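Taking it in order: structure first as structure tokens, then the write-up.
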Amino acid sequence: MAGFFKRKADSSASVSTDESSPSDDNEKSSLLSSPSSDEKGSSYGDFTSDEGKSVTENTPLKSAAGGKSDVHVHVDEFAALPEHDARVLREQVEVPEFKATFWTLYRYANRKDKILLAVGFLSSVLSGVMRPLMTVVFGNVTQAFTDIGPNGSYNATKYNSTYKDMDYNSTYTDNYNSTYQYGEAEYISDFDFNKRISTLALYFVYIGIADIIFSYVGTFIVMDRGEVLSARVREQYLKATLRQNIGYFDKLGSGEITTRISADTILVQEGMSDKISQMVTNLTTFLAALTVAFVRSYKLTFILLSVIALIVITMSTASRYMIKYFRASLMGYSVGGTLAEEVISSVRNVQAFGVQDRLALDYDKYLAVTEKWGLKAGLALGAMIGAMWFSVYCNYSLSFWQGSRFLASGELNVGNVVSVLMSMMNGAFTASHIAPHLKQITNAIAAASKIFATIERQSAIDSSAPVGATLESVTGSIELRNVRFIYPSRPDITVLRDFNLQIPAGSTVALVGASGSGKSTIVGLIERFYKPVGGNITLDGHDINDLNVKWLRRQISLVSQEPVLFSCSIYENVAHGLIGTKYEHVSEVEKRALVTEALKQANAMVFIDKLPEGLGTDVGERGFLLSGGQKQRIAIARAIVSNPKILLLDEATSALDTKSEGVVQDALDKAAKNRTTIVIAHRLSTIRDANLIVVMSKGAIVEMGTHNELLDKKGEYYGLVEAQQIDKLHEEKRAALLGQADSPVDEDEKLIEMVQLPAEDVEDLKLVKTKTNSSSRSISSLILAERPTRVEEKFSLWQLIITIFKFSEPEHHWMAIGGISAFINGIGYPITSVFYANCIAAFQQTRTDPNLMRGTVDRFAGFFFMMAFVEGIAFIVTNGSLAYVAQRLVRRIRYMSFRQMLRQDIAFFDRDENSTGALTSTLSRDAQSVEGLSGATLGQILNAAVNVVAGLVLALSVAPKIAIVCTACVPVLIGCGFFRFAMQARFEEQIKKSHGKSAAQACEAAAAIRTVVSLTREDDVWNAYHEALDVQIKVSRPATNKSAILYGLSQGIGFFIMALAFWWGSRFLRSGEYSTVQFFITFVSMIMGAQAAGIVFSFAPDMGKAQSAAANIKRLMDSIPEIDAWSGEGQVLDDVQGDVEFRDVHFRYPTRPEVPVLKGLNITVKKGQYAALVGMSGCGKSTTIALIESFYRPLAGQVLIDGHDVSTLEINSYRSHLAMVQQEPVLYAGSIRDNVKLGSLHAEDITDEDIISACKQANIHDFVASLPNGYDTLCGSKGILLSGGQKQRIAIARALIRKPKVLLLDEATSALDSESEKVVQAALDQAAKGRTTIAVAHRLSTIQNADVIYVFDSGVVCEMGTHQELLAKGGKYSELVQMQALEKTA
């Protein structure tokens, strides 16, 4: 299936379509291996360690980042067209590249934000100044230590013992004492020493308090504004997306939009949040340290700047590559996100055909590309960090080497040298910690480039632009003059050629013809979804290009072929039709009255009245809680509620049962009076009364006239009508019924009569409140009452660590290498403390023997230089290996999570929290959060942890009395960080829910963009999204405040530990209990450990996000569905005959347990029989198909195949004998060939002949063969580039190539024109031979040849028999047949 989700070379990405490319079979098998039956409880799979290379090579993704094998040269697909045509099409799809900078992130900051950010950044700057100030104090303290008088341990212990060790004799000592006279100023008394140390220790305390305040203020303001400004970026991105022309979406999947708005905007937020605050602090520390060093000794500082220059050059070079590589990585995943959204939104189709693993492998191809570029970015970061630490240790080496020379020459004293050294050490130390924060900021800039490219894009048809005329009054006269049209996404096909049509005001014009003849295109052009390349369209004589887009769309109401409802109540869905009208802001009472009246006209109140919440009932995502007919009735109500001037009905009643259609059609006929109505219909009974019927073929008009006129011509239209005729058994009875129907009855009475059906006709959605008396309760409710309530499991931190560790199992050797290298990194500073202490001790020998001092310092400077190589290489190895582990982990989490999602049964996807938008967002966000705590960040944390532990151990072993006191403060420091981490983890859980809700809203709007813009809901969608983000900001502010307080404390406590260490340690130094070397080893190791602990917990927000993400991942991985495609359990039938039986089946949907759908259903379909299911919308027909497919389990009763209960069969083997064609056909963004091939059980064995044969049976081959690219023609996201009928026929071909034993057709021909339907129906009749076929149909002409017809009513069968037998009965079926009769109108 390589290349299944290929896209044309455009500005985003393209996946290689070379199916013959070499691939790693071991990888594919490991990726796709499902757990065996004894591993049912585990969902981690067998993801082997040798994957990656072939997948990456096989799936090159076009990227702005460059590269040889991974980038295709952009080809202008419009080059072959005339210049004018090419320009019109190009402007509808092109997205200019946008290069974001750091300041771009703050584009939406207002004056208040700028003032607050200025305060925040100033606080961060002042916080950064504190550490260099500390070096001044530190230098003074060191000077005080060297100024201890001759009566102290300084002279007695240090000098005498040292000289003795060096074999200096007593004579030399006498000479020493007699010839060198110390000035009085060179020594201080014990009292003065203690006083000076106490004063200097207080300075440390003051610096600590200031750092707490500045760190808190800086962190809180920057984090809070980051949340606010990133919300504005999200809002602006959604606003920009909603104003784009439809051609833009034909090239872009809604999943990509979800990824941008849920994952990429989080990256932008992190780049503007606490990371930038910490980076400003570190950068300020670096610059302030340089300043202090310059003040103390400009000569020494200038010499050391050479090393600093190396750090700056390294950072700037590496960051440039990091942005480039990370942008390419983001681009790869955005396309993968679209694929994931398509697959999750069509999960029923995916499970029915058993293609979960095939599609998961296709998804993994995009992950491979993302991994490749992500790894390159990680390696660039690792190289930068390694080079920086090499520079840091070189800086230490050069500092001591050159500093000793200045000391020996008398140019500097010890205090100045130590201040410069400490300043440069601090500057280098903080500079080295800029890298992880720099990664976050470069990621943010890379993500912003794609987001702002959309924001900056000028839409070819901008619905938000105030330009364009508005007419005072509209009569509704429409004319198309010489219209020529080409879809921007398919420039090689001209859909309309010099098309001319005049539609008088107030008339009803019907467009009929074969699928793909251009009918829906005309609707799209009138709505201004696209621009024609030639000709013009006028409304009341005004070119619609000169009219305001939003105003124009508000004069039009559209009911699409596949109705789209939004995830809100029925009332809110219908009220969306009032947006932009004079009724939009009327009182709630008036609005409710209008909505109710519209629903009555659409025959929808018949089932709504039976719902406990009535109009307030939530319809679920995309209206999945309602049947197709119920959705369509609500969509019709939404269209007519505003009493529009122009009504566009694109197959508006295709999903309705005959009885509903009669009432709704009558309502539409009445609604069409005094307004211009354009009707597209394949069911010709719905357009008999049209003023004009236009028959179209291949983008041109074949014939026009009224129904009777066209019948008299006996041309194309006559042939279409004949194809839909139903045989009549009793002509007299039919005539009597028709006469009865045509009798002069008041229209309102007739409508009421039709609406007021018997109670059993509408009990399909009746919600009955549970009664306390168990004897009166139904079987279903008794069973449901015994089912346990689902409780969300909580996990310990250790469980989550084990989970993530399992995911990285194949890379454990890389983790070990990274861990060992991190250990070497971590012990660097404890070793440095030993070298440092010895150098400081050597400085004390300056007065006595400068040459000895220089020799000692030179030796340790050499050790520092050696450390530079060791640590530099170790850091490169650490970050390189952990970056590899991180990218493998992210890819594996996304891949395994995606597979696990597709493993779940359909009930999982019915739940509110598992909407397509939420799941797509989870795939992107959770893996990203785990990545945020891996790679360079994990290396930093491991390094710091080793630093803390090794520093404490060294300090306790060298000077335990000083170390114990200082160690007592460390738990306070660690406690601050831990509480911050714990609080952040809880906060992340809240944020995930609110983020998931807002992301789902955005995804829903993007997926239904045609409906959104036709209703002019752009502002409404944006306002709802804005409110959701506002709530999010308010929820996060208290948590941000607490987090900032704890962070400030963790930063300031380090200075308190310094104060304590100097004050307490000075006493032992003065008394001679510890030497200068011991003191400084203890001090430096403790202080560096404290700083390292602070650094660890500066990553608390990342830890919190990672913990929350790991919990979500584990929860998903531990979820074992009731109907488990991975279990391997159950009986495998070697030979399926095709006998299907329902025995007393009771069923309610898990998300609507109060709604009885099937109430004791009994049907039997024998082997090879063609059975049809008919009845009112919502009576349980599609539910029956779902139960046969084993999407759900019945609450009671049995579904049997060949006498075996389907619940006892192995699910994959069972489904391999079935094929399904859904009411709303599902295609994916691959080629036609790949979509058809997706139906096969063994795709690798399918030949082109097999595909062509299946397409011929489905009557689609001739159309496909006429396309320039034939079977390689792309279908677009969700098949958007094909008409409804073309999609349906490809879906039928996909089912037929499977050669199933049982064929399930859920309104399989509803989107076909009459001619195609006749041919396809003949093909289906032919395909039904030798196999069992169960068809759900509202268009009764398609099932008149069925062997048995079951008439459903309220979840049970009320009639059964053949077409002729049921007509003879004169019952419900006969009534439905008469209502669909097509004859000349009177």
Side-chain angles (χ1 to χ4, degrees), residues 4-5 342-343 345-355 358-359 514-516 520 560-562 628 651 654-655 682 1182 1185-1186 1188-1189 1191 1215 1218-1241 1243 1246 1250-1264 1267 1271 1273-1300 1302-1313 1316-1317 1319-1328 1331 1333-1339 1342:
F4 178 77
F5 279 88
E342 282 189 351
V343 172
S345 66
S346 62
V347 69
R348 286 166 176 78
N349 191 71
V350 171
Q351 294 199 357
F353 284 95
V355 291
R358 271 190 260 176
L359 294 175
S515 295
S520 296
S560 301
Q561 189 169 348
E562 295 172 12
E651 282 284 350
S654 63
H682 289 143
S1182 294
I1185 298 291
I1188 295 171
E1189 275 284 359
F1191 289 159
R1215 283 180 181 158
L1218 312 179
M1220 180 176 73
V1221 182
Q1222 291 176 286
Q1223 188 170 348
E1224 295 173 11
V1226 174
L1227 297 185
Y1228 302 99
S1231 67
I1232 293 173
R1233 170 185 284 105
D1234 293 325
N1235 270 286
V1236 174
K1237 193 186 283 187
L1238 199 61
S1240 62
L1241 296 172
I1246 295 299
D1250 297 328
I1251 294 170
I1252 291 169
S1253 173
C1255 288
K1256 282 182 177 177
Q1257 290 180 59
N1259 192 31
I1260 190 68
H1261 172 71
D1262 290 343
F1263 164 73
V1264 176
L1267 297 171
Y1271 282 90
T1273 301
L1274 298 181
C1275 300
S1277 177
K1278 296 188 175 76
I1280 195 70
L1281 301 181
L1282 301 171
S1283 72
Q1286 290 159 355
K1287 284 196 288 184
Q1288 194 75 289
R1289 281 180 283 169
I1290 291 171
I1292 291 169
R1294 180 174 59 200
L1296 294 179
I1297 203 171
R1298 198 173 178 81
K1299 297 177 181 175
V1302 179
L1303 185 60
L1304 305 173
L1305 308 172
D1306 189 355
E1307 283 283 357
T1309 60
S1310 64
L1312 300 184
D1313 59 272
S1316 292
E1317 181 185 51
V1319 178
V1320 171
Q1321 194 58 49
L1324 290 176
D1325 292 343
Q1326 183 66 30
R1331 63 167 59 96
T1333 304
I1334 300 174
V1336 171
H1338 289 143
R1339 206 185 293 180
T1342 63

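Keep in mind it's a predicted model, so treat the numbers as computed, not measured.
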NZ-CD1 distance between Lys1256 and Ile1252, expressed to the nearest 0.5 angstrom: 6.5 Å
Gln351 CD to Met1220 CE distance, which is reported to the nearest 0.5 Å: 10.0 Å
With sequence neighbours left out, what residues match Ser520 under side chain to side chain donor-acceptor pair (under 3.5 Å)? Asp650
Residues two or more places apart in sequence or in another chain: which of them pass side chain to side chain contact (heavy atoms under 4.5 Å, CB included) with Ile1246? Lys1237, Ser1240, Asp1250, Ile1251, Ile1297
Could you tell me which non-hydrogen atom of Leu1227 sits nearest to which non-hydrogen atom of Ala1291, and how far apart they are? CD2-N, 4.4 Å
Checking the side chain of Asn1235 only, and the main-chain atoms of Tyr1228 only, is there a donor and an acceptor separated by less than 3.5 Å? yes
Quick check for you: to the nearest 0.5 Å, what is the distance between Phe353 atom CZ and Ser346 atom OG? 11.0 Å
Correct closest heavy-atom pair for Val1236 and Cys1255 would be CG2-SG, 4.0 Å
If I compare all heavy atoms of Ala1219 with all of Arg1298, which pair ends up nearest, and what's the gap? CB-CD, 3.8 Å
Give a yes or no answer on whether the side chain of Arg1215 reaches the backbone of Glu1189 with a donor-acceptor pair at less than 3.5 Å. yes
Ala1295 and Leu1303: which non-hydrogen atoms are nearest, and at how many Å? CB-CD1, 4.2 Å
Just jot down the side chain to side chain donor-acceptor pair (under 3.5 Å) partners of Arg1294, sequence neighbours excluded, or say none. Asn349
Can you name the residues that form a side chain to side chain contact (heavy atoms under 4.5 Å, CB included) with Val1264, not counting sequence neighbours? Ile1232, Ile1260, Tyr1271
Find out whether Val1226 and Val350 are in side-chain contact, i.e. whether some heavy atom of one side chain is under 4.5 Å from a heavy atom of the other. no
